[in-house]
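One structure is given below, encoded as structure tokens.
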Amino acid sequence: MYKNLIVVGGGFAGTKAAQALEHTLPPDWRLTLISQENFITFNPLLPEVVGASLLPGHVIAPHRQMLHCSHVCMAQVTEIDTAGKVVHYLGEGPGAFRYDQLVLACGTNANLDVVKGMGQYALPLKTLGDALFLRNRIIARLEQAELQPDAQHRRWLTTFVVVGGGFSGVETAGELVDFLYASLKYYKRVRHSDLRIVLLHGGDRLLPELSASLGAFTFRKMNGHGVDVRLKTRAMRVTDRGVHLESGEIIEGGTVVCTIGTQPNSLLDQIAAVKSRGRLVVNPDLSVPGVDGVWAAGDCAAVTNALDGNICPPTAQFAEAQAKQLAANLVARLNNARTRPFRYRPKGQLSSVGHNKAVAEVFGLKLSGFIAWLMWRGLYLLRIPTFARKSRLFLEWNWAMFFPPDIAHFGYRRTQRRTAPTPATSAHTQP
């Protein structure tokens, strides 16, 4: 009785596409969103979870509170059969959905093999679980340093190396330095001179996505706030003791954070279509050429922007814009109407640099400092769904401005269960 539209991926592109489609699809269509998590993560806010500026629940939003007329399935897609038009998944058990139209928005995965040893010793920052683990690691290092009488070893415990000078790396380093300095008063044996935050970047300026002047501003502010910024510096190897640089220098540190390296989702290997660096090359209207009924948007797709002829960068802003255009084109295709090429003029970019400061480039206007920081927070406050979540986020941000950070170490240790002795063992032990 129904035709099925399946959206694979619950990130910015998948969620926005589902929101746009669920109210515009013809009445004889049924929409299903399949995602490994039952929530969307606002990844640009993950560094604030690391720095205890936000609680974990404030950077996520459940899909079921964002979609009202669609079916949400928390499962892992294991296979896509484009010939038979079937999506196989693993949830409570194995299952399959037949589809008439398929939207791929499965994003990318972290690639920790870009630097030798990074996968074994570095900590990525791609998911909410990564942010919570890193937060616990930072607090654990402070607790260990408090007990360490040897100054050299204490210095190693409180040295943090961040690899990557893009948005994620800069924001993580900024949150790290704010959190560590604010927490020092609770750790009497850890001195200010023990703390060291190093930011490694292979380019000649931070935040290469923004203008050179804003990159220079970011460099000055982070250096002035105590971050050891190393430009034109490449990590060659990561060990359990620190990072080996291309120059031969070794930076010893107890925690290495990786904010670089992505790789295509392995699901795309099952799609018999042209790819560019592992991403699906799509038509101007975001349909996948040569594969009937399949569309793609977001980080898993190589989308050409008709505005300038360039491939779109893998950012949330472009992912959501692509999702809206994809939804409009898909409905137009179902109604035998004309589809339109993706054409988008970006509104700008913003990045927090720590200590109530940010940099922004919005509609050609360059801003830095406190005003840019207010704009950065206001933008994400608007993007968080539901009034209840906006209110919680607003209150939490204001609370964090006037009160010290939470230094509680979240333990996930479960209660130990004592197994009852077997009857044979009980009888044997009786006198």
Side-chain angles (χ1 to χ4, degrees), residues 11-12 37 39-61 123-142 160 162 164-183 195 197 199 206-207 218 221-222 225-227 255 257-259 315-317 349-360 368-386 388-410:
F12 287 103
E37 308 286 353
F39 55 81
I40 180 176
T41 303
F42 289 80
N43 295 74
L45 297 180
L46 288 180
E48 297 215 29
V49 176
V50 174
S53 298
L54 288 178
L55 294 174
H58 292 165
V59 302
I60 61 174
L123 302 180
L125 186 58
K126 300 291 185 183
T127 67
L128 179 61
D130 291 338
L132 288 172
F133 187 90
L134 180 54
R135 178 188 186 276
N136 267 0
R137 168 66 69 85
I138 296 166
I139 296 173
R141 290 304 195 205
L142 289 174
F160 302 86
V162 180
F167 287 114
S168 183
V170 166
E171 290 170 354
T172 300
E175 285 291 331
L176 260 175
V177 71
D178 286 348
F179 175 76
L180 290 170
Y181 288 163
S183 302
L195 300 177
I197 299 95
L199 177 60
L206 296 176
L207 301 176
T218 303
K221 290 301 178 182
M222 301 205 79
H225 200 41
V227 179
T255 303
V257 183
C258 167
T259 64
T315 63
Q317 180 181 177
Q349 298 280 8
L350 301 96
S351 176
S352 170
V353 297
H355 199 56
N356 297 347
K357 291 180 177 62
V359 291
S368 59
F370 185 70
I371 298 299
W373 181 77
L374 289 178
M375 289 181 60
W376 178 82
R377 290 213 157 174
L379 171 67
Y380 285 105
L381 192 63
L382 290 174
R383 294 181 65 183
I384 293 290
T386 76
R389 289 188 173 274
K390 293 180 191 295
S391 301
R392 290 168 56 188
L393 181 60
F394 178 77
L395 293 173
E396 184 67 20
W397 265 335
N398 283 276
W399 174 278
M401 290 179 63
F402 300 103
F403 295 95
D406 183 6
I407 58 172
H409 184 276
F410 293 149

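Quick note: residue numbers are just sequence positions, from 1.
- Counting heavy atoms from C-beta on, the side chains of His58 and Leu45 never come closer than 4.5 Å.
- A 6.0 Å sphere centred on NZ of Lys221 holds no more than 12 heavy atoms belonging to other residues, nucleotides or ligands.
- Looking at heavy atoms from C-beta onward, Ser351 lies out of side-chain contact with Thr218 at the 4.5 angstrom threshold.
- Taking CG of Leu379 as the start and CG of Leu374 as the end, the distance is 12.5 Å to the nearest 0.5 Å.
- The line from CG of Leu54 to CZ of Phe42 is 12.0 Å long, rounded to the nearest 0.5 Å.
- Leu46 places a side-chain heavy atom less than 4.5 Å from the side chain of Asn43.
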Listed pairs under 3.5 Å, donor-acceptor, residues 129-139 side chains, sequence neighbours left out:
residue, atom, partner, partner atom, Å
Asp130, OD2, Lys126, N, 3.0
Asp130, OD2, Thr127, N, 3.2
Asp130, OD2, Thr127, OG1, 3.3
Arg135, NH1, Ala408, O, 2.8
Arg135, NH2, Asp406, O, 2.9
Asn136, OD1, Phe410, N, 2.9
Asn136, ND2, Phe410, O, 2.6

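- In this structure, Glu171 and Pro44 approach most closely via the heavy-atom pair OE1-O, 3.4 Å.
- Between the side chain of Arg377 and the backbone N or O of Phe394, no donor-acceptor pair lies under 3.5 Å.
- Rounding to the nearest 0.5 Å gives a distance of 6.0 Å between CZ of Phe370 and CG of Asn356.
- The side-chain heavy atoms of Leu176 and Val162, taken from C-beta on, include a pair separated by under 4.5 Å.
- Using a 4.5 Å heavy-atom cutoff, the side chains of Phe179 and Ile407 are in contact.
- Smallest separation of non-hydrogen atoms from Met222 and Ala173: CE-CB, 3.7 Å.
- Counting only distance, with no hydrogens or angles, the side chain of Lys390 and the backbone of Leu382 share a donor-acceptor pair below 3.5 Å.
- The side chain to side chain donor-acceptor pair (under 3.5 Å) test applied to His225 returns Asp178, not counting sequence neighbours.
- Between Gln349 and Thr315, some side-chain heavy-atom pair lies under the 4.5 Å cut-off.
- How far OG of Ser168 is from CG of Leu125: 5.0 Å, rounded to the nearest 0.5 Å.
- Remark: Thr259 OG1 to Leu123 CG distance equals 12.0 Å, nearest 0.5 Å.
- When every heavy atom of Ser183 is checked against every heavy atom of Pro405, the shortest pair comes out as OG-CG, 3.9 Å.
- Trp397 is listed as a side-chain neighbour of Glu48, based on a closest heavy-atom distance under 4.5 Å.
- Residues that satisfy the salt bridge (charged side-chain N to carboxylate O under 4.0 Å, His left out) test with Arg392, not counting sequence neighbours, are absent from this structure.
- In this structure the side chain of Thr172 never reaches within 4.5 angstrom of the side chain of Leu199, judged on heavy atoms.
- Thr41 OG1 to Phe12 CZ: the interatomic distance, rounded to the nearest 0.5 Å, is 8.5 Å.
- A 6.0 Å sphere centred on OH of Tyr380 holds more than 12 heavy atoms belonging to other residues, nucleotides or ligands.
- Scanning both residues, Arg141 and Phe160, for their nearest heavy atoms gives CB-CZ, 4.2 Å.
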